[in-house]
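Okay, structure first, notes after.
The first residue of the sequence shown is numbered 1, and numbering continues consecutively from there. Every number for a ligand or one of its atoms is a count from 1 in the order of the listing.
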Amino acid sequence: MSAFEAVIGLEVHAQLKTESKLFCACSTHFGEKPNTNTCPVCTGMPGALPVINKKAVEFAAKMALAMQCRINTRSVFARKNYFYPDLPKGYQISQYEAPLAENGCVSIVSGGSFREIRIIRIHMEDDAGKSIHSRHENLSYVDLNRTGVPLIEIVSGPDLRSAEEAVTYLKQLRSILMYLGICEGNMEEGNFRCDANVSLRPLGRERLGVRTELKNMNSFRHVHKALEYEIQRQEDLLSDSEPVIQETLLFDEDSGTTRSMRGKEEAHDYRYFPDPDLVPMELSREAIAGWTAELPELPPAKMLRFQEAYGLPEYDAGLLTAERDLADYFEATVALGPPPKVVSNWIMTDLLREIREKDLVLSRCAFTPERFASLLKLIDSGKISSKTGKQIFPELLLQDLDPGTYVQEKGYVQISDDSELTRILEEVLEENPKELAAYKAGKKKLLSFFMGQVMKKTKGQANPKLVNEKLQELLK
Ligand code: ADP
Ligand code: MG
Ligand code: ZN
């Protein structure tokens, strides 16, 4: 048992999925030729004036509302000054003293119980460009296509207590952003990023310890690894009565360790001041009420509803509602008749496994809820065995096939016909007189032998439940 408690606060940057940039009409489209999605505004030409993107404000406000934040009806854009080659303006347009939203919270399920994580603030800002160092040994390249793309920064309270909790919280944020349809949520591509602040304190103490800030983690796994490493590093220091130095650390994915990047900057280093080119942003009560009304049912509420309406365990409900597409798919299938728990089991095992292994997007598969329900019906009615169902599932998911037609054509339909089964069973008994005699003499174990013979004769297509019943009857 450690004598210390880890304290973690996350700063998450989410790129908003708007068509155009935050302060100009340039396209945000990813993967274009470098420096083609640019204009005088986003390249910081003198005299060019920024104009706020309404859609970006709506998206940001929706996230703030989903996080139960108080929205400031008047917020101010500020210049955050620093120099970097991919920041042609010489400053980032962000929000400082009056951010878009403050004082929210989000609940996560951690270790089986609900935990409330405070959201200190959510503000809007524009993204910097991209420096590319890997193409050439002695040269760096700058691509300004990303410069000016809208971001929101979501700052949590120092309320997370472990690497697991931090990852759970991150996944929850990502899930909500994707439910709202406002962010691609892809950490590898960098449209959902996070910096992690970590400190340790002796158990039972209120005052926070000295923190470090971790950067450069581009997957959930990296976040977990970096935090585990950093918590251990600080614990080793403190146990030896060595101080933790406040600094910014870079996670190195190859070694799984963190290394110092720079001393931690303070807010005053950035010389924040209100951007003179942008008037304060005023949001009307009506606009906020309108956005509130447009919010979809969000994961925590959907999860509770899935437990209550479908009688699903918490685990199933959590998994099924993590992604909106999957939750909709589940509901559409259940609406066609099959029992919810059966659908849930198939999704959690076969469906998710195939989707992950083959990197599929469910909404693009021809395997619609109708086809899914029809497969489950084929099994439930005994037309095919559940073993066959599992076998053909990957095929059905990948190809444009109607389950009913497919099993018919492939000869997968089980023999459930009474007279046909009786005929086959009688044949089997006739062909094995020795075993039949032995069985009658008391060797009851031979039942499985007959069963095997029937399956062999029918190439596995006899309905096993019916065969069993019939055999018992004939052997009486
Ligand atoms: P900065 O100005 O460096 O961005 P903030 O006060 O905005 O610092 O906090 C940034 C993040 O760091 C927040 O998520 C906050 O919860 C977290 N944080 C602040 N102090 C600590 C600490 N001592 N230990 C862990 N996390 C902290
Ligand atoms: Mg900060
Ligand atoms: Zn532009």
Side-chain angles (χ1 to χ4, degrees), residues 4-13 18-29 32 35-45 48-53 56 67 78 80 82 88-89 92-97 99 102-106 116-123 125-129 143-150 153-163 165-166 169-170 173 193-202 205-215 223 227 230-231 234 238 243-249 262-270 272:
F4 297 100
E5 170 180 62
V7 174
I8 302 166
L10 299 185
E11 295 165 283
V12 170
H13 286 96
T18 53
E19 297 284 324
S20 57
K21 293 185 179 180
L22 185 52
F23 296 113
C24 62
C26 290
S27 166
T28 55
H29 194 255
E32 300 285 331
N35 300 306
T36 50
N37 290 340
T38 55
C39 76
V41 174
C42 55
T43 51
M45 296 296 151
L49 288 174
V51 179
I52 185 85
N53 179 336
M67 308 264 92
K80 180 179 182 182
Y82 65 95
K89 297 197 298 293
Q92 181 185 24
I93 305 178
S94 183
Q95 297 189 304
Y96 185 58
E97 265 164 13
E102 293 171 277
N103 292 329
C105 71
V106 61
E116 291 266 306
I117 308 303
R118 284 171 295 170
I119 302 296
I120 298 175
R121 55 188 272 139
I122 297 183
H123 65 251
E125 57 189 28
D126 63 356
D127 208 348
D143 178 4
L144 298 180
N145 282 351
R146 204 180 66 185
T147 312
V149 165
E153 179 172 337
I154 305 159
V155 183
S156 84
D159 297 341
L160 300 156
R161 295 288 170 265
S162 66
E165 261 186 26
Y169 164 82
L170 269 184
L173 283 201
R193 332 193 260 269
C194 111
D195 299 337
N197 294 269
V198 201
S199 65
L200 257 52
R201 64 182 170 191
R205 198 179 76 177
E206 181 71 24
R207 186 157 52 85
L208 296 177
V210 176
R211 69 174 144 143
T212 56
E213 181 171 359
L214 307 180
K215 286 185 183 287
V223 173
L227 282 169
E230 182 57 15
I231 290 168
Q234 291 190 16
L238 295 174
V244 170
I245 294 164
Q246 177 158 343
E247 61 185 343
T248 301
L249 301 167
R262 56 170 190 247
K264 171 90 181 106
E265 68 288 341
E266 301 284 347
H268 61 249
D269 295 328
Y270 288 118
Y272 281 99

Open item on the list: Taking 2.8 Å as the distance threshold, tell me the number of protein N/O/S atoms next to the Zn ion (ligand 3).
Closed with: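 For the Zn ion (ligand 3), protein nitrogen, oxygen or sulfur atoms under 2.8 Å: 4.
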
- [ ] Using a 4.0 Å heavy-atom cut-off, say whether Glu213 meets ligand 1 through its side chain, its backbone, both or neither.
- [x]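 For Glu213, there is no contact with ligand 1 at all, from either part.
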
Task: Residue portion contacting ligand 1 (non-hydrogen atoms closer than 4.0 Å) for Leu10 - done: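 Backbone only.
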
If you count the atoms of ligand 1 from 1 in the order shown, which ones are under 4.0 Å from a heavy atom of [X]?
| X | answer |
| --- | --- |
| Gly157 | 16 (O) |
| Ser156 | 13 (C), 14 (O), 15 (C), 16 (O) |
| Gly209 | 23 (N) |
| Gly9 | 14 (O), 16 (O), 17 (C), 26 (N) |
| Val155 | 13 (C), 14 (O) |
| Ser199 | 22 (C), 23 (N), 24 (N), 25 (C) |

Quick check: closest heavy atoms across [X] and [Y], and the distance to 0.1 Å?
| X | Y | answer |
| --- | --- | --- |
| Val198 | Gln234 | O-NE2, 3.2 Å |
| Ile245 | Thr212 | O-CG2, 3.4 Å |
| Val41 | Phe23 | CG1-O, 3.5 Å |
| Ala196 | Leu227 | CB-CD2, 3.9 Å |

TODO: Could you tell me the separation between the CD1 atom of Ile8 and the CG atom of Asn197, rounded to the nearest 0.5 Å?
DONE: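 Here the interatomic distance stands at 10.0 Å.
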
Task: Ion pair Glu102/Arg121, N-O distance below 4.0 Å - done: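 Judged by the 4.0 Å cut-off on N to carboxylate O distance, Glu102 and Arg121 do not form a salt bridge.
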
Open item on the list: For atom 6 (O) of ligand 1, which of the options Arg211, Glu11, Arg207, Glu153 provides the nearest non-hydrogen atom?
Closed with: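 Of the listed residues, Arg211 has the closest heavy atom.
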
Task: Mutual orientation of the aromatic rings belonging to Tyr96 and Tyr272 [parallel < 30°, tilted 30-60°, perpendicular > 60°] - done: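 Rings of Tyr96 and Tyr272: parallel, under 30°.
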
Open item on the list: Would Pro158 count as a polar contact of ligand 1, with the cut-off being nitrogen or oxygen pairs under 3.5 Å?
Closed with: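 Yes: some nitrogen or oxygen of Pro158 is under 3.5 Å from one in ligand 1.
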
Open item on the list: Contact between Cys42 and Lys89 at the side-chain level, heavy atoms closer than 4.5 Å - yes or no?
Closed with: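 Result no, sub-4.5 Å side-chain heavy-atom pair not found.
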
- [ ] Indicate yes or no: at least one non-hydrogen side-chain atom of Val244 is less than 4.5 angstrom from one of Leu200.
- [x]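 No; the side chains remain at least 4.5 Å from each other.
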
Task: Contacts of type side-chain hydrogen bond (donor to acceptor under 3.5 Å, both in side chains), residue Glu32, not counting sequence neighbours - done: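 Residues passing side-chain hydrogen bond (donor to acceptor under 3.5 Å, both in side chains) with Glu32: His29.
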
Task: Intermediate values then yes/no, side chain to side chain contact (heavy atoms under 4.5 Å, CB included), Lys21 and Asp126 - done: CA-CA 8 Å; Lys21 293 185 179 180; Asp126 63 356; over 6 Å; no

